[in-house]
2 protein chains.
Amino acid sequence: MRQIYTTMEEQQYTYKYPRPAVTTDCVVFGFDGRELKVLLIERGNEPYKGCWAIPGGFLNMDENATQGALRELAEETGLILEHIKEFGAFTEVGRDPRDRVISIAFYALAKKSDVKGGDDAAKAQWFGLNEVPRLAFDHDQMLRKAMQKLKEDIHFEPIGFDLLGDTFTMPELQRLYEAILGVQFDRRNFYKKMMQTGILDEVDEEPRPIAFFGSHHEMRKMSIDALFDANPFPSRSDDDSRRRKGTLFTFNKQRYEKFKEEHNFRLEF
Amino acid sequence: MRQIYTTMEEQQYTYKYPRPAVTTDCVVFGFDGRELKVLLIERGNEPYKGCWAIPGGFLNMDENATQGALRELAEETGLILEHIKEFGAFTEVGRDPRDRVISIAFYALAKKSDVKGGDDAAKAQWFGLNEVPRLAFDHDQMLRKAMQKLKEDIHFEPIGFDLLGDTFTMPELQRLYEAILGVQFDRRNFYKKMMQTGILDEVDEEPRPIAFFGSHHEMRKMSIDALFDANPFPSRSDDDSRRRKGTLFTFNKQRYEKFKEEHNFRLEF
DNA sequence: GCAAAAGTGTTTCGTTTACACCCATGC
DNA sequence: GCATGGGTGTAAACGAAACACTTTTGC
């Protein structure tokens, strides 16, 4: 948070008209095979010290909002993501008790393999969506809006795949959709609909692919196994007993692009 | 623009960290019975002096983004609207050549009867979507994104009705949907789909209702006729020959609310 | 009276939904 | 061997799309 400016702390910035401070926040969703999780951080400073909050922080002058949100996310939680989606600005006058602060809000979807434990992430923790504590600022509202947007977006974009590993089974995918949308699907109909999009490839055996993670500029390679060993999904890793059973699939991005063209950019469920 | 602060021009505002300036912009769509229009203003100041732009301006410290956008819209175009919809933040570092400025963007739909001519609106003008000139800043991009959002939203919300008068005929409504979505519908199927939503009421004869307009705090009443006489839709008012033919309908907001509940908040077309 | 647009029902087709049994795996 | 979850096809219902002729209005 604001680390870039620690060497300038004595410097002052003066403007003719008052300006709100601008922050970015990023709601990160994860999936443990059973329910949706959200990644929160415990605030170390006032206001709302000790309270849980959506990761985020002040926008730097040399980055756009997306870059700012990704940077803050990496700093505060250790998560290195590529795709986040803006879903709204939060601009009520009194939303920060100290100062006028507006926030540009994003949501993101994290695979298990994106989770990097330890160090920076010491104060970051996953919460089931029904166990979320009272959040700082207007972050309750922000979380609700993010969930709503996620529900809407998943009808038209295969964003759900970002929440699963590189390979997944059809029941896993179905459980994910059911968790996000809060409804139950008939297994056979779900299979059919998914398969007839043509964006899924059947995989004969688990490929144990290479995953990338590390800091923004220095990427390291390591096997999925090492990632899992180093950073098991925090709670209920016994849920893994629900996984790795049945036919494996993988998401075919190329065919998805083609699919989008043909179907007027709609993928419905 | 910034009028609230004209008495403080000598005052300076100092912060420990640099802050972007925050503006709001509002893309206003109108409909002349044939094609979609967008309301633009000609800039009187640098940068982009003389260039057309989406109405907007700096956010005041005592208003949220929605209030700021509505205020700027009223100041710059004379339009007093109630509902605008945020569709994104524009935050690229170099989007304003002078300073770091981020903008929160809205779109709005204006009925003919919302158009208030003269005075403030001297430099505001409607453009057909194919006649839009090169716009200031990143406003081309902003306009494209607004159109895209409008297209998406109209599938699920009856926002189209805001573009028509209090009463309208079915062909008018159909032309509007066709203009927004860029497709052609079968007349009979369109009738059926609209009527089976139950959100339209048939009106026997034109009710000549009372309309409200004026400044934010001092509302005046006048008849629709006087409004039309004073402020005909700028271009092609001969398009009115396409109107007032056939059965009149009006939008039933109450039934729409009920409809939303029953249909899981979806209104598809 | 002629041209242009409004009004109206039915059939066809495709999509969505509902539904049941066998198989593989883990305990 | 029993319980749990995975895998598969078909029939019925529903909603979307295609389609033509008569009536009204404006010139």
Side-chain angles (χ1 to χ4, degrees), chain A residues 32-35 154-156 164 167-179 181 183-206 236-250 259 262-264 266-269, chain B residues 32-35 154-156 164-165 167-179 181-206 236-250 259 262-264 266-269:
Chain A
D32 68 356
R34 173 154 36 152
E35 62 169 350
I154 202 172
H155 287 283
F156 305 119
L164 298 166
T167 62
F168 47 86
T169 66
M170 203 56 94
E172 280 176 312
L173 187 61
Q174 182 175 349
R175 273 195 292 272
L176 172 59
Y177 271 84
E178 289 174 342
L181 293 170
V183 296
Q184 298 264 96
F185 296 107
D186 179 273
R187 227 173 348 161
R188 289 159 289 196
N189 295 336
F190 187 85
Y191 271 54
K192 254 181 295 173
K193 214 162 193 172
M194 276 294 165
M195 291 314 288
Q196 76 191 17
T197 65
I199 62 179
L200 295 187
D201 288 336
E202 192 166 324
V203 182
D204 283 341
E205 50 182 300
E206 183 139 22
R236 306 183 200 273
S237 55
D238 55 320
D239 282 343
D240 276 346
S241 63
R242 305 176 79 113
R243 288 177 37 100
R244 305 298 82 146
K245 186 162 142 183
T247 314
L248 290 172
F249 294 89
T250 186
F259 179 87
E262 289 162 2
H263 292 71
N264 203 21
R266 292 259 142 113
L267 177 70
E268 305 220 25
F269 292 100
Chain B
D32 69 356
R34 172 153 37 152
E35 62 170 351
I154 203 173
H155 287 284
F156 305 119
L164 298 166
T167 63
F168 46 86
T169 67
M170 203 55 94
E172 279 177 311
L173 186 62
Q174 183 175 348
R175 273 195 292 274
L176 171 60
Y177 272 84
E178 289 174 342
L181 294 170
V183 296
Q184 297 264 97
F185 296 107
D186 179 273
R187 219 164 351 133
R188 289 159 287 196
N189 294 336
F190 187 86
Y191 271 54
K192 254 182 295 174
K193 214 163 194 173
M194 276 295 165
M195 290 314 289
Q196 77 191 18
T197 64
I199 63 179
L200 295 187
D201 288 337
E202 191 167 325
V203 182
D204 284 340
E205 52 182 301
E206 185 141 19
R236 304 184 201 273
S237 54
D238 55 320
D239 282 344
D240 276 347
S241 63
R242 307 176 78 112
R243 288 176 37 99
R244 306 295 82 144
K245 184 163 143 181
T247 314
L248 290 172
F249 294 90
T250 187
F259 179 87
E262 289 163 3
H263 291 72
N264 204 21
R266 291 261 142 110
L267 176 68
E268 304 221 25
F269 293 101

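Naming: A, B, ... by sequence-line order, numbering from 1 per chain. This is a predicted model, so every value here is computed, not measured.
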- Message: What I want to check is whether an N or O donor and acceptor connect the side chain of B:Arg187 with the base of C:dG7 at under 3.5 Å.
- Response: yes
- Item | Protein-nucleotide distance (B:Glu202, atom CD; C:dA6, atom P), rounded to Å | 15 Å
- To the nearest Å, how far apart are A:Gln184 CD and C:dT16 P? 20 Å
- Message: Please confirm whether the shortest side-chain N or O distance from B:Tyr191 to OP1 or OP2 of C:dG7 is below 4.0 Å.
- Response: yes
- Task: Taking the six-membered ring for Trp and the single ring otherwise, decide whether the centroids of B:Tyr177 and B:Phe190 are under 6.0 Å apart.
- Result: yes
- Message: I want to confirm an ordering. Mapping B:Phe249 and A:Arg188 to their closest nucleotides on DNA chain C, which one lands closer to the 5' end?
- Response: B:Phe249
- Item | Residues in side chain to side chain donor-acceptor pair (under 3.5 Å) contact with A:Asn189, at least two apart in sequence or another chain | A:Lys192
- Message: Rounded to whole Å, please give me the gap between CZ in A:Phe190 and P in C:dT17.
- Response: 13 Å
- Item | Among D:dG6, D:dA16, C:dA6, the nucleotide that comes nearest once only the side chain of A:Arg175 is considered | D:dG6
- Item | Residue list, side-chain contact (heavy atoms from CB on, under 4.5 Å) with B:Arg187, at least two apart or on another chain | B:Gln174, B:Tyr191
- Side chain proximity check, B:Leu248 to B:Thr169, heavy atoms < 4.5 angstrom: yes
- Message: Check the phosphate of C:dG7 against B:Thr247, side-chain N and O only, distance under 4.0 Å to OP1 or OP2. Yes or no?
- Response: yes
- Message: Distance check needed: D:dT8 P versus A:Gln174 CD, whole Å only.
- Response: 14 Å
- Considering only heavy atoms from C-beta outward, does the side chain of B:Met195 approach that of B:Phe249 to under 4.5 Å? yes
- Could you give the NZ-to-P distance, from A:Lys193 to C:dA18, as a whole number of Å? 11 Å
- Task: Among the candidates C:dA18, D:dG6, C:dA6, find the nucleotide nearest to the side-chain atoms of A:Pro171.
- Result: D:dG6
- B:Phe185 CZ to D:dA17 P: how many Å, rounded? 9 Å
- All heavy atoms of B:Gly33 vs all of B:Arg175, minimum pair found to be O-NE, 3.0 Å
- Message: Quick check: closest heavy atoms across A:Thr197 and A:Phe259, and the distance to 0.1 Å?
- Response: O-CD1, 3.3 Å
- Heavy-atom nearest nucleotide on DNA chain D taken for B:Asp186 and for B:Gln196; more 5' hit belongs to B:Gln196
Could you list the protein-to-nucleotides 11-13 of chain C atom pairs, N/O on both sides, closer than 3.5 Å?
none

